[in-house]
Participant: 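Pasting in a structure now, in structure tokens, and then I'll have a few things to ask.
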Amino acid sequence: MRRVAGPIHSIQLVVVGGGPGGYAAAFLAADLGLSVALVDPEINPGGVCIYRGCIPSKALLHVAKVLDEARHAKAWGVEFTEPRIDLARLRDFKNSVVTRLTGGTGQLVKHRKVAYIQGLAAIVDAHTLRITQAGGGEESLRYDYAILATGSSPAMPPALATSDPRVMDSTAALDLPDVPKSLLVVGGGYIGLELGTVYAALGSAVTVVEMTAGLLPGADRDLVDVLAKRVSQTMKVRLNTRVVKMAAESKGIRVTLEGPDLKDDARYLLFDRVLVAVGRRPNSAIPGLDGTRVKVNDRGFVVVDEQMRTDEPSIFAIGDLVGEPMLAHKASHEGRVAVEVIAGGNAAFDARAIPAVVFTDPELAWCGLTEAQAQKDGRKVTIAKFPWGASGRAITLDRTDGLTKLLLDADTERILGVGLVGPGAGELIAEGVLAIEMGANATDLKLTIHPHPTLTETLMESAEVFFGQATHVYRPRR
Amino acid sequence: MTDFTLPELGESVTAGDVLRVLVKPGDTLAKDQPVLELETDKATIEVPSSVAGQVKDVNVKPGDTVTVGQVILSVEEAAAPSGDQPAATAPPPAAVRQPSAPSKAGPAGVVRGAGVGSKDAAIATATASDGRGAGAHGADNVVDIGRGARAAAEPPAPDLPVAPAAPSVRRMARELGLDVDQIGGSGPRGRISIDDVKAQAKRLVAAGAPGGSTGPLAAEPLPDFTRWGPVERQPMKAVRRKTAQHLSVAWATIPHVTQHDLADMTRLEELRTRYARQVEAAGGNLTVTAIAVKVVAAALKVFPQFNVSIDAAAGELIYKKYVNIGVAVDTDRGLLVPVIRDADAKNIVQLSVELLQLSGKARARKISLEEMQGGCFSISNLGGIGGHWFTPIVNAPEVAILGISRARMEPVHDASGGFVPRLMLPLSLSYDHRAIDGADGARFLRWIVEAIEQPFLLALQG
């Protein structure tokens, strides 16, 4: 065993990483009566989600939505003058949101008497950590169990890596250094589209390049088509296109694109800024991890079983570190499962639906089985769709482009998947998740009274569509 | 295409667990051919088909709980009614399935053109690349989005289909060490409730089955018997499995007491021999068992505490105001217990005739579930084979059982101090000590002995 430096403390559970997975785990463990330490480099728990991800981006997207609606208000008989953006105050608003939330998690740490250690952890052995404290100094921590929750970081392909600050990752883009006249977003996934939406609303001319044939790979095309149609009004989208080279010039970033549909004049373009959002990589390069029995797969994810155990009996791992989808709510759930197992319970991650939400305009959300997955698996499903053109609530919002769809098992009527596109889809999807988890069938959804006039009715009416009896969809009898 | 649904199984039986499915897609099915081996809470029964034709789909699998009216099979009837689908283009099994619930498919079906100005409002059309997609079944409400024939050895989706159970139910099953996918749900379309999980856990504990929680009854692992010589494995027959389960529960839950006694049946045997022909003429067989049925029926009137069942949950004894006697019958399928109803209201000739009929039906596999239900007390007579006393197991929820062994001539002291040869019948009474005290057990058995020794007592008290 290596010599351990500094004072030695003993604890039942240490959680490494204070994101939504890590702090959920630490808090539950404290609630269950375990002695818990939480190690994170930030001053308070929050992780990427609260500091540099979900939360700040949503604050900015809220502002983008207000801007967008103000522009559309002209059609409703209300005309505003062109908005003036005070970037410093916008930044302050966003930062205040982050500060308020992380202050809250900090309070919860104190209330629960979780030992919060601001610092970076290295693994000494299966029962010892060495922590380099943020304020200087080292301490050693003996633990019965550890939960690794170190999360993920933006991926930067070597070809695009540069030290020029005008080439940003998602973290830098959320800092809102300025509103560039032109912005290239590399990657048509949810991060690129969400941040592209923000910058477009603030006034940037945004171009999105996506390597594959469609935006949001993995989501069903009928949903993405609705989004793509609206996005094409605010951004320029180039599919089947790759960035092969970037060069910093004084006037901007010179980008070389490659793709079958590109005309010559579109191959070499100059942008004020570039956002690279091509994906995220798990933070599995934890010092000392290779000295344990923990296995890391070829994609960099820590290998765990359904109880979140690694191959080292005292070490668990959760969240982005252990696999996709890299989503905060998946991490929290896994964190709680791990703690229940550590506390002697028989829990496992057996969720049947992990909702995914893209907070663009319109929002896009889905859970459970997708049409693409059903096709891949050769699984026969019945699909029932309800177009928002038939929703009273959608018409009052002047947003009839949305769509609600259910994937059902034809024999049992079980709801296997739900897909939504339209304003508020991210809130609506929760009902679909509950339906799938409860094993609900189309009759259950149909017979549940939904409030009128709301967009939630589209879920109920989709179930009615399954039976060919939707109130607001007339279908002639054959 | 015709659906074969689970028919009525008899009084108060509304559901059962599938033990085995006896047909598979492609089989030619004859009317009355058994298609399912079903374990109900009363007995194990084979479900015969009411339709004939070629089996297209089997909608149940072992372990499923099926309810009366649920679709078991889809069958292409032998004399297919001429439909809009020529037989020649009938798809191979499982390639493209017809909608299995025509009422649902009906003219309304699932919306295709929703008619609200969006072309997206249609259901997705099939993309089956083998050309057998929605085009061939344009009227279907089922969208086959499988690529190519499903016959291809494509692995099934890793975690689908999953049991319809809420997260709380799944968690409880896991905590009890049960596989939620193996639990039959009692809810609509097999939805699994907390109560289903608890019931399954109880069943497993009671049966000492592997996979149950670590109760004291869990079976020990078996050694490798082939180390000592050749072995052969055979599946337990349905009746055998049912017997094993039922008697395990009875043995584990009932505190048994068995008392033995001897009845001098010398005089009774004389009477039996004398009237045997008369009973035979009536279509019966005047056996010791038939006489024992009469004696026990009379005894139950005198000792009503033997004609009860225990409702342990309610803390109540259920007294029965009727006297139905079960008689164990040895068949090539295993042990069956037909029940003679209202045995107290029938004379020995009637009982003899009925017993002969019922045991014949049991052996010919013609006995109905109904005819094996509702017993108050059971009799097991092994005297025809031999033996001298045994300890029968109470046939729960009854509280007592009479075992009869082989009568034999024994020297018995007479009043003068000498020995006389008498035909002595060994009787063994097992009873549930929760309901019956030892003294009552002794009194009951003495009453039976005396009724056999002095047949007049029957007329007097019974």
Side-chain angles (χ1 to χ4, degrees), chain A residues 220 222 225-226 340 345-348 350-352 369 371-391 400-401 403 405 407-414 416 434 437-444 464-470 472-478, chain B residues 59 71 96-97 99-101 104-124 127 139-148 150 152 154-167 169-171 174-177 180 185 187-192:
Chain A
D220 277 345
D222 52 350
D225 287 348
V226 174
E340 290 193 61
N346 190 353
D350 70 345
R352 286 173 180 175
L369 192 64
E371 229 175 305
Q373 189 61 43
Q375 191 161 344
K376 205 170 137 209
D377 296 343
R379 185 178 165 83
K380 190 165 57 179
V381 293
T382 299
I383 290 158
K385 292 187 186 182
F386 185 85
W388 286 20
S391 157
T400 54
D401 52 345
L403 177 69
K405 82 169 173 180
L407 280 80
L408 303 117
D409 184 280
D411 295 332
T412 64
E413 303 174 7
R414 281 263 304 274
L416 304 174
L434 184 64
E437 287 290 352
M438 295 298 292
N441 60 33
T443 304
D444 295 326
E464 293 173 355
V465 163
F466 175 76
F467 297 104
Q469 303 163 347
H472 295 99
V473 177
Y474 173 67
R475 184 167 159 274
R477 286 171 167 271
R478 275 195 299 262
Chain B
N59 299 333
V71 176
V96 177
R97 276 211 313 199
S100 64
K104 195 172 66 202
V110 162
V111 69
R112 290 181 64 76
V116 193
S118 166
K119 65 181 192 300
D120 294 333
I123 55 164
T127 57
D140 279 1
N141 73 331
V142 172
V143 181
D144 188 341
I145 59 173
R147 277 199 178 142
R150 290 213 337 203
E154 209 167 3
D159 46 5
L160 293 168
V162 288
V169 175
R170 276 140 50 198
R171 174 64 61 89
R174 179 178 293 282
E175 283 168 351
L176 290 171
V180 77
R189 293 173 194 277
R191 191 175 304 175
I192 302 163

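Here the structure is a predicted model, which is why all the values come from computation and not from measurement. Chain letters run A, B, ... following the sequence lines, proteins first, then strands; residues in each count from 1.
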Participant: So does B:Arg189 pair up with A:Asp409, basic N to acidic O under 4.0 Å?
Facilitator: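 Salt bridge flag = no for A:Asp409 with B:Arg189.
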Participant: What residue, out of B:Gly187, B:Gly190, B:Ala165, has the most heavy-atom pairs lying under 4.5 Å from chain A?
Facilitator: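 When all of B:Gly187, B:Gly190, B:Ala165 are compared, B:Ala165 has the most.
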Participant: How close do B:Arg174 and A:Ala348 get, counting heavy atoms only, and between which atoms?
Facilitator: CZ-CB, 3.1 Å
Participant: Between A:Asp401 and chain B, which part of the residue has a heavy atom less than 4.5 Å away: side chain, backbone, both or neither?
Facilitator: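 When you check distances to chain B, no heavy atom of A:Asp401 falls under 4.5 Å.
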Participant: Which atom names give the shortest non-hydrogen contact between A:Asp350 and B:Arg170, and what distance separates them?
Facilitator: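 Taking every non-hydrogen atom into account, O-NH2, 2.9 Å.
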Participant: Name the region of A:Asp444, side chain, backbone, both or neither, that has any atom closer than 4.5 Å to a heavy atom of chain B.
Facilitator: side chain
Participant: Looking at every non-hydrogen atom in both residues, tell me the closest pair between B:Ala166 and A:Met438 and how far apart they are.
Facilitator: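 Minimum heavy-atom contact is CB-SD, 3.4 Å.
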Participant: What pairs with A:Arg352 under salt bridge (Lys or Arg N to Asp or Glu O under 4.0 Å), at least two apart in sequence or on another chain?
Facilitator: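 Residues passing salt bridge (Lys or Arg N to Asp or Glu O under 4.0 Å) with A:Arg352: none at all.
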